[in-house]
Amino acid sequence: MKWAALVVAIACSATLLAQTVPPAFDAASVKFNRSGATGVGATTLIFQPDGRFRAVNEPLWRLIAEAYRSNYQLRRFEIEGIPPAMEGDRFDVDAVPQGAPSFTEQRQMLQRLLADRFKLKVHRETRDLPIYALVKARADGRLGERLKPSEVDCAKVRAGAAPPAAQPGQPPSCMMIFGQGRLVSYGMTVTQLAEMGLARSVLRPVIDRTGLTGSYTWTLEWAPDDSPNANGDLPSLMTALVEQLGLKLEPTRGPVEVIVIDHVERPTPD
């Protein structure tokens with residue numbers, strides 16, 4: 001009976017181990033990128049429809065962000081602990097799966113690739129960090145001319161309702177278009193403007209405290225601080241928010257869930 005119990009325990013342990021080991025790519029290449037290319041178009045990060053993962057000239061934090069994303073890719077401020085010596089490293093990754101993995105399996109495979117090649121170990125924790133609150137800028141609550149209620153309700157569209165035909169000059173419905181110093185949307189919420197649009201531009205979390213509900217259309221244009229071709233006729237982001245949308249960002253602090261790096265190494269060459 002003791003031997004039978006031991007066999008059962010070993011079998012159960014093996015089954016549990018098999019269930020917890022994440023899937024792996026069938027083949028993967030990781031190389032340093034020494035091109036020094038910067039700016040728009042200098043990097044690529046994509047999971048193709050067949051599950052193949054390609055990264056070109058990408059920093060480590062972006063690989064981690066893609067591996068541990070949920071509904072959206074993590075931003076730089078949500079990843080803590082990258083060694084200063086590795087901040088300037090850029091990598092090319094080409095990884096091929098077997099079959100057609102699901103969204104979850106794709107991320108699990110990338111997590112395993114980072115663990116195998118970079119010896120990456122991480123954990124999640126919540127920290128009290130600087131954040132911004134998006135609020136109305138004007139005492140009378142009046143919004144800017146470029147922030148207007150939309151006839152498109154993206155929640156209903158995602159539930160199966162067909163959106164109305166796009167009008168000339170309008171961006172596609174239920175999509176936020178990011179550009180260098182430009183943020184355009186039609187049919188999305190101000191909360192999405194804060195959490196998805198502005199957060200990636202100011203490099204810290206943004207919470208919506210405007211009290212605005214429903215769907216909106218907006219066009220926000222500003223002169224990016226890091227743009228070599230910044231248009232001198234455009235204001236800064238903070239000024240553009242007030243002038244164009246009637247909103248502003250107030251600095252505050254709040255809880256932010258982050259990925260904390262416990263250990264990471266430069267990968268060995270292929």
Side-chain angles (χ1 to χ4, degrees), residues 39-41 45 65 69-78 130-252 254 256:
V40 177
L45 184 70
R69 69 178 293 171
S70 51
N71 293 328
Y72 65 91
Q73 188 187 71
L74 299 175
R75 283 70 58 94
R76 179 64 184 88
F77 57 75
E78 294 171 295
I131 65 174
Y132 283 114
L134 182 65
V135 300
K136 293 179 181 177
R138 297 163 181 164
D140 60 4
R142 185 167 51 91
L143 301 179
E145 293 183 356
R146 295 192 180 187
L147 181 63
K148 300 177 180 179
S150 169
E151 61 186 69
V152 177
D153 185 334
C154 290
K156 292 182 179 179
V157 171
R158 294 190 181 95
Q167 300 299 312
Q170 289 282 12
S173 300
C174 305
M175 180 182 298
M176 205 177 308
I177 300 176
F178 299 88
Q180 194 169 33
R182 184 175 172 85
L183 187 58
V184 185
S185 192
Y186 183 53
M188 301 186 78
T189 67
V190 173
T191 297
Q192 290 169 321
L193 166 65
E195 296 179 353
M196 297 172 57
L198 296 175
R200 65 183 288 169
S201 298
V202 298
L203 302 181
R204 72 172 63 174
V206 179
I207 58 174
D208 175 20
R209 290 182 179 168
T210 63
L212 296 171
T213 59
S215 301
Y216 286 83
T217 177
W218 63 77
T219 299
L220 180 65
E221 296 177 295
W222 70 95
D225 294 335
D226 59 351
S227 173
N229 301 311
N231 187 338
D233 296 331
L234 291 174
S236 67
L237 173 58
M238 296 300 189
T239 301
L241 268 174
V242 175
E243 294 178 347
Q244 298 171 18
L245 305 189
L247 306 175
K248 66 178 180 179
L249 293 174
E250 292 185 341
T252 183
V256 180

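We number each residue from 1, following the sequence as shown.
- Applying the salt bridge (charged side-chain N to carboxylate O under 4.0 Å, His left out) rule to pairs touching residues 196-217 yields nothing, sequence neighbours excluded.
- For residues 182-194, every residue pair satisfying the salt bridge (charged side-chain N to carboxylate O under 4.0 Å, His left out) rule, not counting sequence neighbours, is listed here: R182-E221.
- Although no hydrogens or angles enter the test, the distance criterion places a donor-acceptor pair under 3.5 Å between the side chain of T217 and the main chain of S185.
- Taking NZ of K248 as the start and OG1 of T210 as the end, the distance is 13.0 Å to the nearest 0.5 Å.
- In this view, A240 and L220, W222, P235, Q244 satisfy the side-chain contact (heavy atoms from CB on, under 4.5 Å) rule, not counting sequence neighbours.
- Looking at Y186 and E151, their side chains come closer than 4.5 Å, going by heavy atoms from C-beta outward.
- To the nearest 0.5 Å, atom OG of residue S201 and atom CD of residue Q180 are 10.5 Å apart.
- Residues P205 and Y132 are not in side-chain contact: their nearest non-hydrogen atoms beyond the backbone lie 4.5 Å or more apart.
- L245 is listed as a side-chain neighbour of R146, based on a closest heavy-atom distance under 4.5 Å.
- One distance of note links CZ of R75 with CD of E195; it measures 8.0 Å at 0.5 Å rounding.
- Between L249 atom CG and I131 atom CD1 the span is 11.0 Å, to the nearest 0.5 Å.
- Heavy atoms only, all atoms of each residue included: V152 and S215 are closest at O-CB, 2.9 Å.
- Closest non-hydrogen pair, W218 versus T189, comes out as CH2-O, 3.4 Å.
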Worked check of side-chain contact (heavy atoms from CB on, under 4.5 Å) between T191 and T213:
CA-CA 8 Å; T191 297; T213 59; over 6 Å; no

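- For the pair R138 and K136, the minimum side-chain heavy-atom distance is 4.5 Å or more.
- Interatomic distance, L193 CG to L241 CG, rounded to the nearest 0.5 Å: 7.0 Å.
- To the nearest 0.5 Å, atom OG of residue S150 and atom CE of residue M188 are 11.0 Å apart.
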